[in-house]
**Student:** 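The structure is given below, and queries will be raised subsequently.
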Amino acid sequence: MEHYIDAWKHALASELNSLAESKGCAGLIFSDQEIIAERPPKPELGDIGFPLFVYSKKLRMAPRQIALELSERNAAGTFAPSPKDWPGEMVATGPYLNIFLDRASAVRNLLEFAQRVEWGSSDAFNGQKIMVEFSCPNTNKPLHLGHLRNNVLGESLSRIMKAAGAKVKKVNLINDRGVHICKSMLAYLAYGEGHTPADEGLKSDHFVGKYYVLFNKLKEEDPKAEEKAQTLLQKWEAGDPEVMALWKKMNDWAVNGILATYARQRVSFDEFHFEHETYKLGKKEVLDGLERGVFYRGEDGAIWIDLEELGLGKKVLLRKDGTSIYITQDIGTAIMRHETWPFDELVYVVASEQQYHFKVLFEVLKRLGYSWAERLYHLSYGLVNLPSGRMKTREGTVVDADDLIDELSELAAKEIAEKGRADAVGNLDSVSEEIALGALHYFLLQVSPIKDMLYNPEQSLSFTGDTGPYIQYMGARASSIIRKHEAGEGNASLGSISPSLFKGNADWTLARMLLELSTTIEQAAKNKDPSLLAGYAHALSSEFSAWYRDNPVLNNEDPNVSASRLEMVRVVKKSLRIVSELLCVPFLEAM
RNA sequence: GCGUUCGUAGCUCAGCUGGAUAGAGCGACGGACUUCGAAUCCGUAGGCCGCAGGUUCGAGUCCUGCCGGACGCACCA
């Protein structure tokens, strides 16, 4: 679609310039870029709309009058702006100039473009190196619903950026040190009796999480528990062999369990960074900044930055004793990352509660003189709640990631059995798991990232409505039609494909939507917002559903119609598959 | 208290850089299976876009104030 829009913007700009000249507005020139194009609110109004208000003042003409004159000139052939490869018709509608594209030509383009390898991608980011940091779990407990949103946002965004032409590197910083880890260790020492996850039949990260919760019990029994955790941390930092051995053991359990959840959720990373390796980074930069006068030493001996003028207050960057804090590490990690892989942009997918932290971090890096600090971006996302209420660690209402996927998968399996589809789907376990992931991921991505949201498990699994399974179902239906053809049903193989057969409104609505695929991907990438693509996925599915109801593909007398429609089904399937993958919704041939 | 952010149909959410009569899904009500999968589809009802000002030819969208919710305001991460 972008071809059409660009070509018509150009056409309109030159027509406006010609109009300006004839009106004696010397030197008045409109560039392609300043032309505003939009999609008319109703299909009857056209395919591309140009509101003319903005040119009105410069031309000293009413918008309606501009529209009229332009369309008259066009009709009279005085000016022939219809772009050769992207033909259409110009119609004045009040203060708007609307374009009706030539349908047969556009469908011909669609069928041809969809054959190319670059279908469903764009070059908007033109090889830019984009690093995306997401997930960043603590190794003292398993992942929960909030992580699932983070993971799918990061994974989906990475895929979208890649489809938009970027080189993407997905990174994960594992928070494997700190006092919270020591608490799990302390509780394990108190109650663990040397057990392993296998002994207790628990997934290894759940095993570690169990002891983290048990620390609360320890606190009640031992008033000095908190103090002991601090002591343990000091021993850890000193490299005490016994402490290190225990840490290593428990940490491996936690990390391995978390990796299993990633594999199950089908998210992956190109690089892992570990906080136990990075936590000392940044100290040098802070000291360096102190020398250069970017920071100052407070009366208390700690190193500070003053951001009062930005309304961000004052912030400690390095403790009095020279040890690092969270932000020190993030400063060092960002610099290390840029040195090893000079990115054009670094996106941090982190919950909105850390907005302040990132504002400070970006400002610090900017003041240290790193020009790339301008290209750091905090993709801030809201909390996920459940209809039953808020998730609170203390009240034990946190929804565990593994448990949730289990539950969804079981519900899907039950549904398949009830509908009598068990034989048709083949592998029941894997298909129900894929429906579960489709339901979960789509629901989480459907909402704009910044907003807090309500996750409704039952609704997400519905096969009707704006859901993942609905999109999977339409993909399966398209696949089913193609399968039937391959099995010899219908007469499509006797006919030939003819774009001019797609004349109806339903044909055109579907075709035009397909033409918008790469534009939508581009937009989602630019806005860093997968929900735009989710909306597209639903609209396309719904449009396809209405179309194939009224337009029999295989059961048709005319073989040319059958062949042509079958080709359209192929394009739909291909496009749905692409969109599904970008949204981390598994594509299913049958369900 | 200060800062950030959100407030659109009964519920959950769209609404691209300001543009034409504000859209979906769920739920409600009413319809459609001898024809490519009814896990679907079609139709109807349902809105002072939190409130009040302002900017503009034009505001759900931008600015200000107020009201309401969320989050943040550690030498934790």
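Residue numbers start from 1 in every chain, and the chains themselves are labelled A, B, ... in the order their sequence lines are given, proteins ahead of strands. What you see is a predicted model; the values in this text were computed from it and never measured.
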**Student:** Would you check if A/F53 stacks with the base of B/G58, given a 5.5 Å centroid limit and a 30° plane limit, both strict?
**Tutor:** no

**Student:** Mark this stacking check for A/Y356 against B/G3 as yes or no, applying ring centres under 5.5 Å and ring planes under 30°.
**Tutor:** no

**Student:** So does A/G382 get a backbone contact from the side chain of A/R149, meaning a donor-acceptor N/O pair under 3.5 Å?
**Tutor:** yes

**Student:** Look at A/S448 and B/A14 and indicate whether a side-chain polar atom (N or O) is within less than 4.0 Å of OP1 or OP2.
**Tutor:** yes

**Student:** Side chain of A/H538 only, heavy atoms from C-beta on: which candidate in B/A77, B/C42, B/G25 is closest?
**Tutor:** B/G25

**Student:** With a non-hydrogen cut-off below 4.0 angstrom, is A/K526 in contact with a base, only sugar-phosphate, or nothing?
**Tutor:** nothing

**Student:** Got a donor-acceptor pair under 3.5 Å from the side chain of A/D176 to the base of B/A77?
**Tutor:** no

**Student:** Please confirm whether any donor atom in the side chain of A/D300 sits under 3.5 Å from an acceptor in the base of B/C75, or the reverse.
**Tutor:** yes

**Student:** Taking only side-chain N and O atoms of A/Y381, does any of them lie within less than 4.0 angstrom of OP1 or OP2 on B/C71?
**Tutor:** no

**Student:** Based on the glycosidic angle (syn within 90° of 0, else anti), state the conformation of B/C33.
**Tutor:** syn

**Student:** Select base, sugar-phosphate, or nothing to describe what A/L532 touches, counting heavy atoms under 4.0 Å on all strands.
**Tutor:** sugar-phosphate

**Student:** In the strands shown, is B/G1 matched to any nucleotide by a Watson-Crick or G-U wobble pair with both distances under 3.5 Å, and which?
**Tutor:** B/C73

